[in-house]
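Below is one structure, written out as structure tokens, with a few remarks after it.
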Protein chains: 2
Amino acid sequence: MSMPHPGLTPTSYIVLGLLRFAGEATPYELKATHAGSVGFFWAVPHSQLYAEPDRLVARGLATVRQEERGRRRKHYRITDEGVAALDAWLAGADLPRGELREPALLKVFFGADPTDVAVRQVEAHRERLATLTAIRDRVRGLPNATGPLHTLDAGIAMQEAWIAFWERLAAGSGPVEG
Amino acid sequence: MSMPHPGLTPTSYIVLGLLRFAGEATPYELKATHAGSVGFFWAVPHSQLYAEPDRLVARGLATVRQEERGRRRKHYRITDEGVAALDAWLAGADLPRGELREPALLKVFFGADPTDVAVRQVEAHRERLATLTAIRDRVRGLPNATGPLHTLDAGIAMQEAWIAFWERLAAGSGPVEG
DNA sequence: GGGTACATGTAATCAGTTACATGATTTA
DNA sequence: TAAATCATGTAACTGATTACATGTACCC
């Protein structure tokens with residue numbers, strides 16, 4: 001009857017999720033995995049990938065095993081409690097509102113030259129789109145990757161929406177209307 | 001020859017921008033203004049709207065005037081230095097990558113039932129869309145609101161893109177494409 | 001064998017979050 | 001006049017950001 005685990009942040013669930021996927025991982029491996037997957041839409045600084053696993057251990061949601069000699073790296077592993085916490089979160093009803101956090105928009109809001117910003121945004125989003133598309137083509141076909149695939153689709157859809165938006169803005173035309 | 005001001009966060013610029021717009025404002029007024037404008041795409045907790053102005057004062061980018069009696073409220077005003085910092089940022093070339101920060105996506109990524117999530121996201125985004133559309137219709141016509149208007153258009157475009165995405169996902173069909 | 005890049009962390013600072021607390025107004 | 005809500009802040013805690021620091025492997 002897994003109790004809810006208060007105080008777990010998105011970062012916590014990201015690490016739990018990566019640990020479950022990896023079986024066992026060092027922070028550096030988490031960093032690499034994250035960078036090639038979730039990192040595309042949810043940044044986590046690498047220092048957090050060292051700090052968070054220890055927090056999880058303190059809560060009993062993971063365990064550590066430290067190498068005795070050499071680099072004395074720490075290998076983390078998710079516990080059954082950890083899996084339960086992750087599953088409870090996944091199945092849970094709460095879905096906090098997402099946020100945009102787009103600095104370019106902030107600038108436009110406060111009066112930056114829209115055309116100038118827009119032109120550069122179009123280019124940036126085009127690059128992004130190319131990257132994501134390439135990745136999707138590689139991921140497609142892999143089994144058990146439907147979650148990540150959906151996410152990639154979302155990312156691609158968003159890039160396309162942004163490109164359309166900034167292009168309209170760069171062209172100086174108003175909204176299409178309604 | 002305004003030097004760059006290191007250590008200013010997006011929150012700093014939001015407060016500077018709101019102060020310039022308002023002429024003079026108490027944190028509570030900042031809170032209200034923020035909630036009805038930038039707040040739609042960039043959240044700032046109210047405690048930061050009390051803390052940040054003092055940081056700006058410490059840097060010489062704003063001034064305070066505290067009431068002598070009664071509530072002893074603090075009224076803030078942007079300084080010329082503050083205006084310069086804001087303008088430098090607005091004109092500056094750096095545009096950090098935006099982020100999605102969408103908890104729903106995170107859940108789907110890590111294996112939550114996509115249909116379940118999608119159905120609820122569609123509803124949430126529809127509400128959001130209605131809100132933004134209503135606001136845009138009010139803002140349209142106001143003079144000197146082109147920055148905010150563009151922002152609203154962006155928000156609306158994003159909501160529509162999300163709705164389309166989640167609807168496809170809820171319908172269980174793959175991406176359109178090939 | 002010296003440099004460069006990758007790997008692996010720790011420490012200090014600071015912003016952000018949450019919670020609490022009280023004063024003023026409105027309304028029932 | 002009691003209750004509820006709005007206004008106005010402060011305090012404590014903790015996560016996130018930045019910077020630093022060192023170890024190991026590779027390559028020229």
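Values in this document were obtained by computation on a predicted structure and should not be read as measured data. Each chain gets a letter, A, B and so on, in the order its sequence line appears, and its residues count up from 1.
With values rounded to the nearest 0.5 angstrom, B:Leu105 atom CG is found 14.0 Å from A:Phe40 atom CZ.
Smallest separation of non-hydrogen atoms from A:Leu18 and A:Val38: CD2-CG2, 4.2 Å. Heavy atoms only, all atoms of each residue included: B:Pro114 and B:Val108 are closest at CA-CG2, 4.4 Å.
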Would B:Lys74 and B:Asp54 satisfy salt bridge (Lys or Arg N to Asp or Glu O under 4.0 Å), going step by step from the backbone distance to the final call?
CA-CA 10 Å; B:Lys74 295 189 197 168; B:Asp54 284 334; 3.5 Å; yes
List the steps and the verdict of salt bridge (Lys or Arg N to Asp or Glu O under 4.0 Å) for A:Glu24 and A:Arg77.
CA-CA 5 Å; A:Glu24 191 180 56; A:Arg77 193 172 269 283; 3.7 Å; yes
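Using modelled atom types, one finds a donor on one side chain and an acceptor on the other under 3.5 Å when comparing B:His75 with B:Glu67.
Checked against D:dG9, D:dA16, C:dT8, the side chain of A:Tyr50 finds its nearest nucleotide in C:dT8.
Remark: A:Thr11 is in phosphate contact with D:dA16, judged by side-chain N or O atoms under 4.0 Å from OP1 or OP2. In this structure, B:Arg55 reaches the C:dA15 phosphate: one of its side-chain N or O atoms is under 4.0 Å from OP1 or OP2.
Counting heavy-atom neighbours within 6.0 Å of B:Phe21 CZ, excluding the residue itself, gives a total of 12 or less.
One can place CD of B:Gln66 at 7 Å from P of D:dG9, the figure rounded to the nearest angstrom. Taking atom CD of B:Glu52 as the reference point, atom P of C:dG16 lies 7 Å away to the nearest angstrom. The nearest whole Å value for the distance from the CD atom in B:Glu67 to the C1' atom in C:dG23 is 13 Å. Atom-to-atom, NE2 of A:His34 to P of D:dA16 comes out at 11 Å; the value is rounded to the nearest Å. Regarding B:Leu56, its CG atom lies at a distance of 10 Å from the P atom of C:dA15, rounded to whole Å. As a whole-Å value, the separation of B:Lys74 NZ from D:dT8 P is 13 Å. In this structure, CG of B:Asp54 is placed 16 Å from P of C:dC14, rounded to the nearest angstrom. Atom CG of A:Leu8 is separated from atom C1' of C:dT18 by 16 Å (rounded to the nearest Å).
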Please list each protein N or O that sits under 3.5 Å from an N or O in nucleotides 17-19 of chain D, with the distance.
residue, atom, partner, partner atom, Å
D:dT18, O4, A:Ser47, OG, 3.3

